[in-house]
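Contents: one structure, followed by commentary.
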Amino acid sequence: MDPECSQLLPALCAVLADPRQPMADDTCLEKLLDWFKTITEAGSSLLLLQENPCLVELLCHVLKPQDLSSRVLSFSLRLTGVFAAQEDCFQYLQQGELLPRLFGEAGPLGGAAWTAPTVRSGWIQGLRSLAQHPSALHFLADCGAVDTIFSLQGDSSLFVASAAGQLLVHILSLSMRGLAEGPPGLQADDWPPCAQKIVGHIEESLRSTATPQITQALNVLTTTFSHCHDPWTQVLWVRLHPLVAALLEKDPVPAAHSLVDLLLSVARSPGLSSSSCGLWETLAQTVSHLSPTQAGLLALGILKLQDCPQALRAQAFAVLLQPLACVLKATAQGPGPSGLLDSTAADSVTADMLPPSKAACVGLLCRTLAHLELLLPLPQRPCPWPQVPLLGAAVTLLQLCGGSGSPASDAGRQLCALLLGCVRVQRAALDFLGTLSQETGPPELVTQVFAVLLEYLRSPDSSPTVLKKAFQATFRWLLSSPRTPGCSDLDSDAVLFLRELLPVLQKRLCSPCWEVRDSSLEFLTQMTRRWGGQAGFRHALLASEVPRLTEQLLRDPESYVRASAVTAMGQLSSQGLCVPSAGPEHPGGQQSLLGELLHILSADSEGFPRRAVMQVFTQWLRDSHADVVGDTEQFVAGVLQVAGQDLDWEVRAQGLELALVFLEQTLGPSRSHCPYAVTPPVAAPAGPLTQALQSLCRVRLFEFAFRALFDCDRPVAQKSCDLLLLLRAKTASSSSLQEPRSSPDVASVEAALQRWRAGDQAQPLGDLEPEVVLAVLRSMDLEGLRGALAESSDHVEKSPQSLLQDMLATVGIRGENEADCY
Amino acid sequence: LKLCKYCLSGHPTLPCNVLKFKSTTIMLDCGLDMTSTLNFLPLPLVQSPRLSNLPGWSLKDGSAFLDKELKECSGHVFVDSVPEFCLPETELIDLSTVDVILISNYHCMMALPYITEHTGFTGTVYATEPTVQIGRLLMEELVNFIERVPKAQSASLWKNKDIQRLLPSPLKDAVEVSTWRRCYTMQEVNSALSKIQLVGYSQKIELFGAVQVTPLSSGYALGSSNWIIQSHYEKVSYVSGSSLLTTHPQPMDQASLKNSDVLILTGLTQIPTANPDGMVGEFCSNLALTVRNGGNVLVPCYPSGVIYDLLECLYQYIDSAGLSNIPFYFISPVANSSLEFSQIFAEWLCHNKQTKVYLPEPPFPHAELIQTNKLKHYPSLHGDFSSDFRQPCVVFTGHPSLRFGDVVHFMELWGKSSLNTVIFTEPDFSYLEALAPYQPLAMKCIYCPIDTRLNFIQVSKLLKEVQPLHVVCPEQYTQPPPAQSHRMDLMIDCQPPAMSYRRAEVLALPFKRRYEKIEIMPELADALVPMEIKPGISLATVSAVLHTKDNKHVLQPPPRPAQPSGGKKRKRASEDIPDCKVLKPLLSGSIPVEQFVQTLEKHGFSDIKVEDTAKGHIVLLQEAETLIQIEEDSTHIICDNDEMLRVRLRDLVLKFLQKF
């Protein structure tokens, strides 16, 4: 600890010990604790205590009966734990009887302070830090702490209860670590006393009839198997396995959720060889015992396991598929298997296996769809994957929710009434349907997919979120539609679909709901980006009103919509899909789009549309868009001038991105983009370089970059710094441009930059000569600036000394205020 | 006593029912089914060469005697005459006996002149003020639309049953054509409306002292009401055209419908699958799409109702959609009155709109649309409109059937261009049938029916909430719509199942009146001496005269027995006053058999045998050859000619009973 902090510490300890000066902000205490942890990790705690006796005094002081705040008490308990983690320091504190007084019966445990959850939590965390060595185990045994921890497992505060469970796992693991010769036997006598006590408690809880106790025991075991992978865990599982299996014989299975967690954590534990411990049998038993609502998560977990017997996987997959099989059964037009489950399992499925209440049924279906969606991209997903029936199920669900399903049976009609208009199922099913597009399906089913998607896109009752998901799913299915591999054009069916889709899109672009207009524009942008070059798409799009409506949305009252319209128009224009406006205010179509975007950049009151414009412009520059190529310098100069004055830092940062693209186009590509590329170290020829730099000067790129260098928003400054460093590197090899550093021009520019740095950016730099710019660049400590910018903004204020000062100061201010009051 | 309901209209949203309840005859609504007009040719306001040169229709055998009456147009056959309406049933019950007519909303009173002016009706009509005023506007518009295109011809040949059979559909299937009538006149309208008495929500109206009727807010339209018809012991609720959505009218009063014996449920949404919010969005999107492409939008509508909500939505939408420069025209003979009336009925509006009045601001934003010249209204397309008319534009005009009104002209004018769109928002008419005489049509057609009335989900919540003992509804509501037979959710689902009715059916309502309230005069009540026979239950005998007048029943003290003073007087008194015999005491209580037997034994009876029967016990006194039958509500002593024994036994029995 540095001497300044040592000096401040006694005063701070005195403040903490003084109940009349409560700490207003307990984040300070957290920071203080973190600081002590760093110190003790780096050095001896014992030494620290000996050098700063005020700390021990503080710990002694909190024991006195007084009205100390629970925060300080909790802090002291945790601090003690931090110190006592080192065995010598533990002994030192033990000598002073401090530890039993803090953590034993005589401490806060029995007092009024114990009612505060923060004190109980501090007690647990103190012990958690302290329990690092055999002496600590003895201490825990002697002071009866383990029993208290048992009772805290049922604490009213969830944080305390969970911390108590974790502490038990920690103690168990610590005590097992002490075993010299290999894992213990199954007999209780073989186990260290502390471990035996904990395991005994777990066994007792598992035998209990009270669900909360069983839950606690299962949670402790789950944590144990997830965190400890030593050989003893296998013995522990063999010992407890019969008790866990016995839970399955109860009806209903108690604490099913925790049981699932435990079984999965055991199955995933690398410390256990699953086959030898009867785990697969237990899992199989559990899957068949639990209700479909509870078993889904376990089934998913089993299917994610790497080395699981095929029979168990099949069983788990059947459980996962069951709700969808029920849906297919309920809506089937005639008898016969749906193909989702094998024939024996399918026969046992009946439609009434779905929960009768709407909330439960919807929850189950949504979870099932989400689980299957997670499973689909995994390499260990079940094989063969029932793509066709799953597609059928997703389509059926969507039809039922949308009211277009025509179930033949009573069960189907009931299901229809339950699901009708249910937005949750619609969203889940659309997501799932989108994911299924990774695989194909038979043509007639794909036709149904597109039909149901179109139904959703058309329906006036689709909520904005459902519509967005319908757009996403549609895009994914369109992406997967080409049947001939390698051909990226839309197939004829997709083009036909597009003809039906575009009128819907037109209508949606006029929706009174801005979310709908926004997601329609996003969809249009995606489509154009993907198929903008394809004849079929171009023809259909140009025959529709979509481009013209999109252009009108540039003036939408909602800023998000304007932003999306800017992006969409940028994309349409890049692909030459903009229709010249016929209106008198927009003569000359294409040209006017650039003007309109520049107008948005300079006049729009919201940041999103301006950011979108900058992105479009950067892309246009990168792609050498026709409007830009005509007079690139004028374009870049104009954009940089407007962007430089923008109040939104993201616009300015995007301006630097555009400047970088221009720079690369002028000077040649940056080498940093591909660090491993072999590029011959050819010095750039001086002539073209001078011309290039002159071009950069003409667009006032330097003025823009220098201003950005001193930007109050760090990302902008960092980006500018990188850009200037790149520029300097590119010009370093050029000898012809070496100029004496002390020309009067250079001096005046440097002086102006100094003023800019100080915050006075009023004075412009004026016209710059390339030589002057280079000289200024070389004289600047850009590396140093980059280093400074890389530090976090509070690095100056983050020192421990300032923390101590702040804490003292807040107390001081409070004192002054009090004095003022009197 | 029974309650009867006569159904005079088969249309579930244009009901006309008659309820006979406690000697009163109450007509509930008198809706006019105007779908009959779809069989007639449109009445063009401006001479239409297309419509005036249609070929006459001839029978298959070539006989052309109907060619003056029936014309062929776009593959359909229409009646070329003044449109006629299908009236409520007039033969099922003598309508002159109807005491009162209760109107629930302005759409459900359009048949009123036919009932009040042509059936001998002498009663009173009850309705709220906005209902009457807007109902008057609707009738005025209807009369105006039809009268301003005079058509000399009235077709009747085709109505002959033998001829009608030979006609193509839908004329062949049209029902009750012989009862179809031409539109009433303004004079009849005024006369009918003069019979209306205005009422306010929750106002209690006594009908002949027998029943009380009360209108409640139904949330559907300005001044729309549900009605409660109740006596002291029975309550019938009549729910017609209600809405739970937040639109302009006062919200629906559900609480007052609780504890009904019978709930008559009519006027649910006609398009249960269309959600009004979605439809309004659809309306706006299609309107903007058309106008942005340079096309005109035609909205066939009634001059009041949903149009207020549509204008309000457009008010919020037009600026955001960049439609500020597009003119909105509202053309109706009553456009001005409708827009102005809506602003003055503040007390009938929803809370939000009511508070605006205190600011003071007009409750509806269409005032601002008019002020800023975005919305213009005209009585007709003749006159000012033709000089102001600018395209592209949006026109709201009637009639939604497309058979008469200014809309006919716009259909003819704009129908040929695919840039234009007609958007149907009123759910009363099938849009395909409405469009039939205009085919082939290049104009786009959008169907966005906006019906804010209750849907089946809302009905099921409402019924759970108010829990009526019985629900009575049109038969259409008891099964899913024919086109969507799997939609079990599109029907009323309640326990016990709803009773259904159809046109021209008489229904005995499923409950019996069991009690009647009788008042006791104070002096008579004073004279009563109640005796407590069980804790909390006291009885008293009363002798009185029951006096019934104006459906009120009063117990009055009997006249004192006349003093024997004069021969003549005495004679009269004996005629008038009922005989007051000396009353036997009334008995109550039950006889505990075991104790009774013990008592008998104590009094010297022996050889007693007790037998249990289904209804009680039989005590056999074998020696005395006597039998005592003890049942719950009677005791008989059967012994042969031994009156002494009987009296002894009777006295023993009486010991166990209370007397008063």
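Throughout, protein chains are lettered first and strands after them, A, B, ... in sequence-line order, and every chain is numbered starting at 1. The structure displayed is predicted, hence computed values, not measured ones.
- Contacts between Leu509(A) and chain B at a heavy-atom distance below 4.5 Å involve the backbone alone (N, CA, C, O).
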Steps toward side chain to side chain contact (heavy atoms under 4.5 Å, CB included) verdict (Val395(B), Val297(B)): CA-CA 6 Å; Val395(B) 170; Val297(B) 176; over 6 Å; no
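- Contact between Leu541(A) and Pro547(A) at its shortest, heavy atoms only, is O-CD, 3.6 Å.
- In terms of heavy atoms, Cys401(A) sits closest to Val425(A) at SG-CG1, 3.6 Å.
- By the 4.5 Å heavy-atom criterion applied to side chains, Leu572(A) and Val546(A) are not counted as neighbours.
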Candidate polar pairs, chain A side and chain B side, donor-acceptor under 3.5 Å:
residue	atom	partner	partner atom	Å
Gly405(A)	O	His486(B)	NE2	2.5
Lys507(A)	NZ	Glu282(B)	OE1	3.3
Lys507(A)	NZ	Glu282(B)	OE2	2.5
Cys510(A)	O	Tyr317(B)	OH	2.2
Gln552(A)	OE1	Arg292(B)	NE	3.1

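- Minimum interatomic distance between Cys416(A) and Pro407(A) (heavy atoms only, all atoms of both residues): CB-CG, 4.1 Å.
- In Leu419(B), the CG atom is crowded: over 12 heavy atoms of neighbouring residues, nucleotides or ligands sit closer than 6.0 Å.
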